[in-house]
Amino acid sequence: MTVRVQRDDFDIGAELAALSDGDTGIGGVCSFTGLVRDLHPQAGEGPGTVRALTLEHYPGMTERQLEAIEAEARERWPLSACLIIHRYGRMEPGERIVLVACASAHREAAFDACRFIMDWLKTKAPFWKLEETGDAGQRWVDARHSDQNAADRWSELPG
Amino acid sequence: MTVRVQRDDFDIGAELAALSDGDTGIGGVCSFTGLVRDLHPQAGEGPGTVRALTLEHYPGMTERQLEAIEAEARERWPLSACLIIHRYGRMEPGERIVLVACASAHREAAFDACRFIMDWLKTKAPFWKLEETGDAGQRWVDARHSDQNAADRWSELPG
Amino acid sequence: MLKLLYFAWLRTKIGIPEERVSVPDGVTDVADLIGWLRGRGDGYAEALANLDVVKVAVNQEYVPFTHPVVAGDEVALFPPVTGG
Amino acid sequence: MLKLLYFAWLRTKIGIPEERVSVPDGVTDVADLIGWLRGRGDGYAEALANLDVVKVAVNQEYVPFTHPVVAGDEVALFPPVTGG
């Protein structure tokens with residue numbers, strides 16, 4: 001079980017290599033990296049609208065939630081290894097926010113588990129995004145219904 | 001469009017960084033890395049059964065097929081960038097065989113496209129695995145019905 | 001005594017990230033606590049006006065508004081999360 | 001003249017990776033070609049015995065056994081693929 005909540009950036013290549021290192025039963029690793037965007041397509045806003053993001057979180061509960069999500073993924077799929085890294089603090093467009101990686105003997109399990117963790121993380125891990133907008137203002141990002149729907153899909157599966 | 005068929009290993013961190021570099025409209029990158037396993041769980045064989053793999057391919061057709069698969073993915077999902085690297089030649093357990101990475105404004109598209117490419121690649125890209133087994137013999141790996149089923153699922157979607 | 005934590009726009013509307021409070025005897029669950037907090041000032045009333053966008057954790061676990069609160073609890077109030 | 005390519009266990013059974021052949025006039029599609037190849041020796045007959053596990057590409061595109069073959073074509077015969 002590996003969950004890290006940190007201010008600093010991370011090295012994807014090193015993290016993925018470490019994840020599968022020494023376990024030659026692993027057939028595949030699925031990873032997802034979330035990046036800061038400089039726009040909100042949903043709001044019809046063009047590039048340059050978002051100058052930076054600040055990620056606030058709830059220290060303590062964040063780690064507990066991420067560990068619970070990872071434990072649920074390990075219960076649902078046969079994972080050899082699993083990693084969740086989520087940053088907090090101020091980040092500019094293009095910067096990495098989150099890395100989720102799942103290793104398994106089977107690619108189906110790796111894909112499913114990685115997507116499950118991202119979907120649950122989006123609706124359960126206590127992080128909040130504050131955007132710095134082009135007019136020098138700030139605004140809190142609203143939760144998206146599509147994220148809740150994506151998370152809810154997984155509840156219908158046998159646990 | 002980036003498709004590479006090569007004998008050499010690749011650097012996942014560098015590849016993923018290059019994939020999204022300079023495009024601040026990208027919200028997420030989904031990647032899948034396939035690794036050489038030293039066993040065949042399907043056949044009930046334990047660790048150490050497979051000493052190495054040799055990947056044979058059909059130069060020319062391989063690139064064409066991978067490019068066609070990537071083009072199909074770009075038609076089906078709004079991708080900002082896409083990468084397929086597949087190695088050929090001899091590889092030992094733990095070595096990387098294939099990297100597929102898809103970048104998009106939306107994580108759903110990145111996940112779907114990456115999985116689609118892997119599923120189609122498994123059944124359409126002309127590669128064949130020759131295993132070196134523990135008893136110093138060799139055997140060609142059989143195609144799996146589950147791979148064909150996984151690829152067929154995507155045909156049901158609107159093209 | 002309860003330890004109260006506020007995050008994101010609940011924090012900015014209320015104006016402080018955390019506080020320790022002693023609540024009246026009638027406050028036995030989260031709904032009671034929120035009702036009591038609304039009476040503490042305009043910032044609280046505004047932050048807690050629409051419970052559709054207020055999530056609650058007691059001792060770092062999500063709970064419904066009917067969850068009891070007892071002395072020593074850490075109660076966090078925050079908007080729906082937007083990480084990832 | 002056709003350019004024929006064989007891969008994986010079709011290649012090892014037939015014994016060569018590629019060859020150039022002139023086929024009789026009656027050979028106009030892939031099925032004809034396979035029938036003619038089967039008569040060329042035990043290796044061919046064994047490699048092409050079960051067409052459920054033989055795939056065909058003409059000029060580097062997958063085709064069914066009914067696909068025509070004409071002079072100058074590159075015809076590849078191989079087992080179901082196992083990459084990735």
Side-chain angles (χ1 to χ4, degrees), chain A residues 10-17 19-42 46-50 78 80 92-108 110-112 114-116 118-119 122 144 146-147 149-150, chain B residues 10-17 19-42 46-51 78 80 92-108 110-112 114-115 118-119 122 144 146-147 149-150:
Chain A
F10 45 81
D11 178 334
I12 298 179
E15 297 293 349
L16 295 186
L19 192 73
S20 60
D21 189 42
D23 184 347
T24 48
I26 294 173
V29 178
C30 179
S31 81
F32 182 84
T33 312
L35 304 171
V36 179
R37 289 188 300 181
D38 69 349
L39 74 170
H40 265 170
Q42 301 97 324
T49 319
V50 177
S80 306
E92 297 188 350
E95 284 197 64
R96 288 175 278 268
I97 303 172
V98 60
L99 173 67
V100 172
C102 296
S104 176
H106 310 286
R107 77 178 183 288
E108 298 81 6
F111 270 111
D112 280 339
C114 188
R115 190 164 187 165
F116 165 83
M118 276 305 303
D119 286 346
K122 281 265 182 188
R144 292 168 57 199
S146 61
D147 284 334
N149 293 343
Chain B
F10 44 83
D11 178 334
I12 298 178
E15 297 294 348
L16 296 185
L19 191 72
S20 61
D21 190 41
D23 184 345
T24 48
I26 294 173
V29 179
C30 179
S31 81
F32 182 84
T33 312
L35 304 171
V36 179
R37 289 187 301 180
D38 69 349
L39 73 170
H40 265 172
Q42 300 96 324
T49 318
V50 178
R51 300 246 172 109
S80 306
E92 298 190 348
E95 283 196 65
R96 288 174 279 268
I97 303 171
V98 61
L99 174 66
V100 171
C102 295
S104 176
H106 310 285
R107 78 177 183 287
E108 298 80 6
F111 270 111
D112 280 339
C114 188
R115 190 163 187 166
M118 276 305 303
D119 285 347
K122 281 263 180 189
R144 293 167 57 198
S146 61
D147 284 334
N149 293 342

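So that the names make sense, note that chain A is the first sequence line, chain B the second, and so on, each numbered from 1. Heavy atoms only: backbone and side chains are in, while hydrogens, waters and symmetry mates are out.
Note on Ser146(A), Cys114(A), Gly22(A): by heavy-atom pairs under 4.5 Å with chain B, the leading option is Cys114(A). For chain B, the option among Ala14(A), Ala110(A), Gly34(A), Gly27(A) with the highest count of heavy-atom pairs below 4.5 Å is Gly27(A). Taking chain B as the reference chain and counting heavy-atom pairs below 4.5 Å, the highest number among Glu108(A), Met118(A), Glu92(A), Arg107(A) is found for Arg107(A). Counting heavy-atom pairs closer than 4.5 Å to chain A, the top residue among Asp38(B), Val100(B), Val50(B) is Asp38(B).
For chain A, the nearby part of Leu16(B) is the side chain; its heavy atoms alone come within less than 4.5 Å. For Ser20(B), the part lying under 4.5 angstrom from a heavy atom of chain A is the side chain only. Only the backbone of Val36(A) has a heavy atom closer than 4.5 Å to any heavy atom of chain B. Using a 4.5 Å cut-off between heavy atoms, Glu95(A) makes no contact with chain B at all. Both the backbone and the side chain of Asp119(B) have a heavy atom closer than 4.5 Å to some heavy atom of chain A. For a residue to count as touching a neighbouring chain, one of its non-hydrogen atoms must lie under 4.5 Å from one of that chain's; by this rule Asp11(A) does not touch chain B. Heavy atoms of Glu15(B) lying under 4.5 Å from chain A are absent altogether. Proximity to chain B is absent for every atom of Ala103(A), based on heavy atoms less than 4.5 angstrom apart.
Among residues two or more places apart in sequence or in another chain, the side chain to side chain contact (heavy atoms under 4.5 Å, CB included) test is passed with Ala17(A) by none. In this view, Asp23(B) satisfies the salt bridge (Lys or Arg N to Asp or Glu O under 4.0 Å) rule with no residue, not counting sequence neighbours.
Between Ile97(A) and Arg37(A) the shortest side-chain heavy-atom distance does not fall below 4.5 Å. Residues Val98(B) and Lys122(B) fail the side-chain proximity criterion, which asks for heavy atoms closer than 4.5 Å.
Among all heavy-atom pairs drawn from Phe111(A) and Cys30(A), the shortest one is CD2-SG, 3.6 Å.
Side-chain atoms of Arg96(A) never come within 3.5 Å of backbone atoms of Thr33(A) as a donor-acceptor pair (strictly under, hydrogens ignored). Remark: side-chain polar atoms of Thr24(A) are not paired, donor with acceptor, to backbone N or O of Gly94(B) under 3.5 angstrom.
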